[in-house]
S.K.: 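Take a look at this one; I'll ask things after.
Letters A, B, ... are given to chains in the order of the sequence lines, protein chains preceding strands, and every chain is numbered from 1.
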Number of protein chains: 2
Amino acid sequence: MQLDNRKKEVLHAIVDDYVSTNEPVGSKSLIERYNFNVSSATLRNDMAELEHMGLIEKPHTSAGRIPSDKGYREYVNSLMTIEELSPKEQLEIEKRIDSSVDEVTDLIKNATHTLSETTGFVSLAMSPRLKKSFLKQLKILMIEPGKALVVMVLSAGVVKDKVVRIPNFLSDEQIMKISGAIEKSLTGKPLDEITLVTVETAGKSTDVPEPLLKQVLYEAYAAIKQADELNIYLEGEHRMLSLPDFSSLGRARDLLGTLSDSGMVAGYVNEMENAAREQGNDDSFMIRIGQEIALEGLDDCSFITATYNLTDSVSGNIGVIGPKRMLYSKVISQIDFVKKKLNKEMQRFT
Amino acid sequence: MQLDNRKKEVLHAIVDDYVSTNEPVGSKSLIERYNFNVSSATLRNDMAELEHMGLIEKPHTSAGRIPSDKGYREYVNSLMTIEELSPKEQLEIEKRIDSSVDEVTDLIKNATHTLSETTGFVSLAMSPRLKKSFLKQLKILMIEPGKALVVMVLSAGVVKDKVVRIPNFLSDEQIMKISGAIEKSLTGKPLDEITLVTVETAGKSTDVPEPLLKQVLYEAYAAIKQADELNIYLEGEHRMLSLPDFSSLGRARDLLGTLSDSGMVAGYVNEMENAAREQGNDDSFMIRIGQEIALEGLDDCSFITATYNLTDSVSGNIGVIGPKRMLYSKVISQIDFVKKKLNKEMQRFT
DNA sequence: TGTTGGCACTCAAAGGGATAGAGTGCTAAT
DNA sequence: ATTAGCACTCTATCCCTTTGAGTGCCAACA
């Protein structure tokens, strides 16, 4: 069945009304608040059909209607119109994202913080996916006998390091040789093309004795692999407690319980991103509504992320988790604006 | 007024009972559940006096009594006896604190995580106070023109780094000279004795031209200062939502709202620590109950921390924030055991 | 003087209607 | 296709009563 024009308007109005009042919407209040030139009985018929199509539902027999997940989905896909933020709002965001930081990570944390404050919801960002970035420098510094620090500088101005154990009696000089050899042969290589074999081959040119060498090479390899692990920054969980949507302790507990496992959330975002890429979905937004989200306790939430770019091939995600009952157009423009600002500021680092 | 023996027992029983049942305790149930060889009327008299002394209070006229902050305080100071954890519990904790990590920070995070899981409350740890640790190494690595990485190795095996901006046309060689000069003259100095002047003096021995030199020295100084900033690790906020003590949305919101500002919590812990030191309070535990905690929304909480030691002069705090209505002796032994385990594992790093 | 049984009193919590009101579906007329 | 009208449904709210655990106080007792 197709949605005729009026039915679209009705659904639109129901979503708008429910989002702003948090009350199930009845045919009468719809007539009162919106300019439909028909009677409430007509709307009742329309609403019955919308319900039949699964776009709206009743909490109980004698209540008004609320949008279903499918209804929100229809709203988001075809009905809403996105407006730009007002200059004032834009300024507010620009001001908050402090751009004087020296590391990309701080910039991302900053943006996440801003997003949570401006939307009033939970915000999150993934660290950049560094697989496609390449090694610009790799140094191994001796910290003390048996311990060294592997420092890597990646394209896109990201610096990573890791403390590793090395054989006790390796000399400073030997370490520097190994470090130099690795750097010489791996510089310019994307991280996802560096394997244990590549690293071991790189180390062969040194005259360091085999077993010692091997351990160091392994540790260096592990450090490189760790560098492209994903981090997630989550912020503003407590804000959900102020929303009427989570006034039931049970829901709130489930939600925050799930969010507390940031690794799990990170994994999910990553999956979503990969799935979207495979589908060739190059929409810059990913929107998941209610049950579409495969995480426990997020049934009443919507999950919206955008992709930011650090370089052409290095990107990450930033977005929010809020109640399904949100002002989608507003929140999407906020995310979009933060993302754009982030992209702009990131140019300084590349 | 002094507490005679029976009154002590009564208070003890009231706290125990209230902690385990979460119900105000009446004179009759006290008689039923504990072996007082007197009548309920006698206990009523005692309870009236305990109330008069401010140790217990009534939620309303016809309810039983619950301990007041002062009552809990008395309980903690004089009444409770701390038992060791059972071997099984000890094993459980030892197993969870994964000691195979390579950095102190990870070890601390680990311990924090374990503490939250075993107590079921919010756990927190402060990073070690590094003011008294000394510089073992300082290297400045050129990342790209205009940007360098300052890497510091501190006594106690802590590694810190910071990306800094430097003048664009400084050469690799010049940077190395400066780096060497700073390292040479500051190695072995405690962080809190390093000032901008010390750093600038150290740099004088190089032949790098004045204005360029000055900027690098300033950035190096800033990096050193940043190294002794305190971090806080907070975990398990969501667990508070499962406690009946925070079944009111309002309380839960206030609590999590405050905890979400981790900088503020860190500042408070630090204040507490300093105050304790000034008073020469060398109890290894700091316990704050209810209103004693100068943080909004923690009126129904107790805040217990212990001090761990990375070296003789470098220490930090680890502990929990839970409901006032907690099994103090149990929680304290849990914190104590985690602290001891942490101390033991930390020896590997020093 | 400390202890006890007895008793009137208090108050939150739980249960049970009754009522109001917003909303619905259906039908018959337009 | 639209509308007015109407009977029906169901929650939320208010109010009233009952229940029961607990208290304070008094007079008697050891």
S.K.: Please report the distance, rounded to the nearest Å, between CD1 in B:I66 and C1' in C:dA12.
M.R.: 14 Å
S.K.: Any base atoms under 4.0 Å from B:A41, or only sugar-phosphate, or nothing? Heavy atoms, all strands.
M.R.: base
S.K.: Could you state the NE2-P distance from A:H52 to C:dC26, rounded to the nearest angstrom?
M.R.: 13 Å
S.K.: Got B:M53 and B:L3 here, is their nearest side-chain heavy-atom distance under 4.5 Å?
M.R.: yes
S.K.: Counting side-chain heavy atoms from CB outward, which of D:dT3, C:dG23, D:dG22 is closest to A:N45?
M.R.: D:dT3
S.K.: Could you check which of D:dG22, C:dG5, C:dC11 has an atom nearest any side-chain atom of B:S39?
M.R.: C:dG5
S.K.: Of the nucleotides D:dT23, C:dC11, D:dT3, which one has an atom closest to the side chain of B:S27?
M.R.: D:dT23
S.K.: Answer whether the closest heavy-atom distance between the side chains of A:V122 and A:R239 falls below 4.5 Å.
M.R.: no
S.K.: Atom CD1 of A:I31 and atom C1' of C:dT24: how far apart are they, to the nearest Å?
M.R.: 15 Å
S.K.: Is there a donor N/O on one and an acceptor N/O on the other, under 3.5 Å, for the side chain of B:S62 and the base of C:dT10?
M.R.: yes
S.K.: Whole angstroms only, please: what is the CZ-P distance between A:F36 and D:dT2?
M.R.: 13 Å
S.K.: Using whole Å, report how far CG of B:L43 lies from C1' of C:dG2.
M.R.: 13 Å
S.K.: NA contact type, B:S40, heavy-atom cut-off 4.0 Å: base, sugar-phosphate, or nothing?
M.R.: nothing
S.K.: Could you check how far CG of B:D4 sits from P of C:dT1, rounded to whole Å?
M.R.: 15 Å
S.K.: Could you check A:H60 against A:V38 and say which one's nearest nucleotide on DNA chain D is further toward the 5' end?
M.R.: A:V38
S.K.: Rounded to whole angstrom units, what separation is found between the CD1 atom of B:I14 and the C1' atom of D:dT23?
M.R.: 13 Å
S.K.: Identify the residue among B:Y75, B:Y18, B:Y72 that makes a ring-ring contact (aromatic ring centres under 6.0 Å, His included) with B:H12.
M.R.: B:Y75
S.K.: What's the closest nucleotide to the A:E51 side chain, out of C:dC11, C:dG23, C:dG25?
M.R.: C:dG25
S.K.: Between D:dG22, D:dC10, C:dC11, spot the one nearest the side chain of B:T61, thanks.
M.R.: C:dC11
S.K.: Between D:dT23, C:dT4, D:dG5, which one does the side chain of B:M47 approach most closely?
M.R.: D:dT23
S.K.: Does one side chain, of A:Y34 or A:D16, offer a donor that lies under 3.5 Å from an acceptor on the other?
M.R.: no
S.K.: If the threshold is 4.0 Å, N to carboxylate O, is there a salt bridge linking B:D4 and B:K7?
M.R.: yes
S.K.: Does some side-chain heavy atom of B:L43 sit less than 4.5 Å from a side-chain heavy atom of B:D46?
M.R.: yes
S.K.: Of the nucleotides D:dT3, C:dC26, D:dG24, which one has an atom closest to the side chain of A:R44?
M.R.: C:dC26
S.K.: Please report the distance, rounded to the nearest Å, between NZ in B:K28 and P in C:dT4.
M.R.: 16 Å
S.K.: Choose from D:dT2, C:dG25, D:dT23 the nucleotide whose nearest atom is closest to any side-chain atom of B:R65.
M.R.: D:dT23
S.K.: Heavy atoms from C-beta onward define the side chain here; which of D:dG22, C:dG25, D:dT11 lies closest to that of A:K58?
M.R.: C:dG25
